[in-house]
Amino acid sequence: MNVLDFARAFFSDGAHWHGYDGIPTRFAEHVGYSLEALVIAAAIGLPVGLVTGHYGRGGNTLALIATAGRALPSFGLLVLMVIWLGLGMLPVMIPLVVLAVPPILVTTYEAVRSVDPSPVDAARGMGMPEARVLFQVELPVALPLIYSGLRTAAIQIVSTATIAAYVSLGGIGRYIIDGLYQKDYEKVVGGATLVAALALVTLAVFWAVSRLTVSPGVRRSG
């Protein structure tokens, strides 16, 4: 059997569509893990990136933090967290958040720094407070690049959240881990296909959000 045959056999098996181990349940679990990690990472990376980008300070420090975060192996960090904290959701969230913060942080910083200084200087010349300059002048222009950082982080999280299965949690990774253990390659291929499909859905969601929230003039100029 080839990969397509394994995938066809997996998705045509009715047993994979029902119960606690069914595709809808595992898919929903995976989305839940991914959304939680993305929200936490965005809550950390966006404010820091916006403020540092606005004032133009801390760029070298952010680059150092991003490099360190990208260098950490997610699975190795997961193992350390499990040894330290035990089983549960927290040991899974930590490596996912550490993975997702760097692209959000650095891209947000660069997005704000890349805004044309002319309208920013004009807004300050009119007496506009710094917070309004950031949110009303810089942020709308920087939004496409900020979305690209969030999109990158989301794809990385979706692809890596399969590690939750290593600590007895659910998600799509359950098919991959259990399939490898049982030498059931239909499950392995089916799980990998679902991860790829969710990554494509994530790309589509960010494309739609960008179309709805980014000014057409900013999209054209980009």
Side-chain angles (χ1 to χ4, degrees), residues 1-45 69-104 150-208:
M1 295 180 71
N2 58 32
V3 172
L4 292 178
D5 291 329
F6 283 131
R8 189 180 302 110
F10 176 81
F11 289 106
S12 63
D13 187 345
H16 290 147
W17 293 95
H18 305 286
Y20 73 94
D21 197 38
I23 292 172
T25 300
R26 295 305 188 195
F27 198 86
E29 289 171 344
H30 201 97
V31 171
Y33 302 154
S34 301
L35 281 175
E36 185 175 348
L38 182 62
V39 168
I40 295 171
I44 297 170
R70 287 167 176 161
L72 288 172
S74 298
F75 183 69
L77 185 57
L78 172 67
V79 172
L80 288 176
M81 291 300 103
V82 169
I83 293 172
W84 183 28
L85 301 171
L87 298 177
M89 182 61 71
L90 183 59
V92 174
M93 283 296 114
I94 290 174
L96 292 180
V97 170
V98 169
L99 177 71
V101 166
I104 297 174
L150 289 168
R151 182 179 65 242
T152 299
I155 295 298
Q156 290 177 343
I157 290 172
V158 165
S159 302
T160 311
T162 52
I163 62 175
Y166 277 103
V167 291
S168 301
L169 294 179
I172 299 172
R174 191 79 268 156
Y175 295 127
I176 298 173
I177 303 304
D178 291 348
L180 288 172
Y181 179 76
Q182 300 164 0
K183 295 185 179 180
D184 184 347
Y185 298 111
E186 288 182 11
K187 276 189 175 182
V188 176
V189 173
T193 303
L194 287 171
V195 172
L198 183 54
L200 292 175
V201 170
T202 302
L203 287 173
V205 168
F206 273 95
W207 178 85

Look at the side chain of [X] and the backbone N and O of [Y], then say whether any donor-acceptor pair between them is shorter than 3.5 Å.
{"X": "Tyr33", "Y": "Gly170", "value": "yes"}
{"X": "Tyr175", "Y": "Asp21", "value": "yes"}
{"X": "Thr160", "Y": "Ile157", "value": "no"}

Roughly how far, to the nearest 0.5 Å, is the [atom2] atom of [Y] from the [atom1] atom of [X]?
{"X": "Ile176", "Y": "Ile163", "atom1": "CD1", "atom2": "CD1", "result": "12.0 Å"}
{"X": "Lys187", "Y": "His16", "atom1": "NZ", "atom2": "NE2", "result": "5.5 Å"}
{"X": "Ile104", "Y": "Leu150", "atom1": "CD1", "atom2": "CG", "result": "5.0 Å"}
{"X": "Met89", "Y": "Glu36", "atom1": "CE", "atom2": "CD", "result": "5.5 Å"}
{"X": "Arg8", "Y": "Thr193", "atom1": "CZ", "atom2": "OG1", "result": "11.5 Å"}
{"X": "Leu78", "Y": "Met93", "atom1": "CG", "atom2": "CE", "result": "10.5 Å"}

Measure across [X] and [Y] and return the closest heavy-atom pair with its distance rounded to 0.1 Å.
{"X": "Leu77", "Y": "Pro95", "value": "CD2-CA, 3.6 Å"}
{"X": "Arg151", "Y": "Leu203", "value": "CD-CD2, 3.5 Å"}
{"X": "Ala41", "Y": "Ala100", "value": "CB-CB, 3.6 Å"}
{"X": "Thr25", "Y": "Gly19", "value": "OG1-O, 3.1 Å"}
{"X": "Ala165", "Y": "Ile177", "value": "CB-CG1, 3.5 Å"}
{"X": "His18", "Y": "Gly14", "value": "CD2-O, 3.0 Å"}

Please step through side-chain contact (heavy atoms from CB on, under 4.5 Å) for the pair Tyr166 and Val79, ending with a clear verdict.
-> CA-CA 9 Å; Tyr166 277 103; Val79 172; over 6 Å; no

Go through the steps for Leu85 and Ile94 under the test side-chain contact (heavy atoms from CB on, under 4.5 Å), then give the verdict.
-> CA-CA 11 Å; Leu85 301 171; Ile94 290 174; 3.8 Å; yes

Does the pair Met81 and Val92 meet the rule for a side-chain contact (heavy atoms from CB on, under 4.5 Å), with working shown?
-> CA-CA 8 Å; Met81 291 300 103; Val92 174; over 6 Å; no

Worked verdict on Leu194 versus Phe11 for side-chain contact (heavy atoms from CB on, under 4.5 Å) = CA-CA 10 Å; Leu194 287 171; Phe11 289 106; 3.7 Å; yes

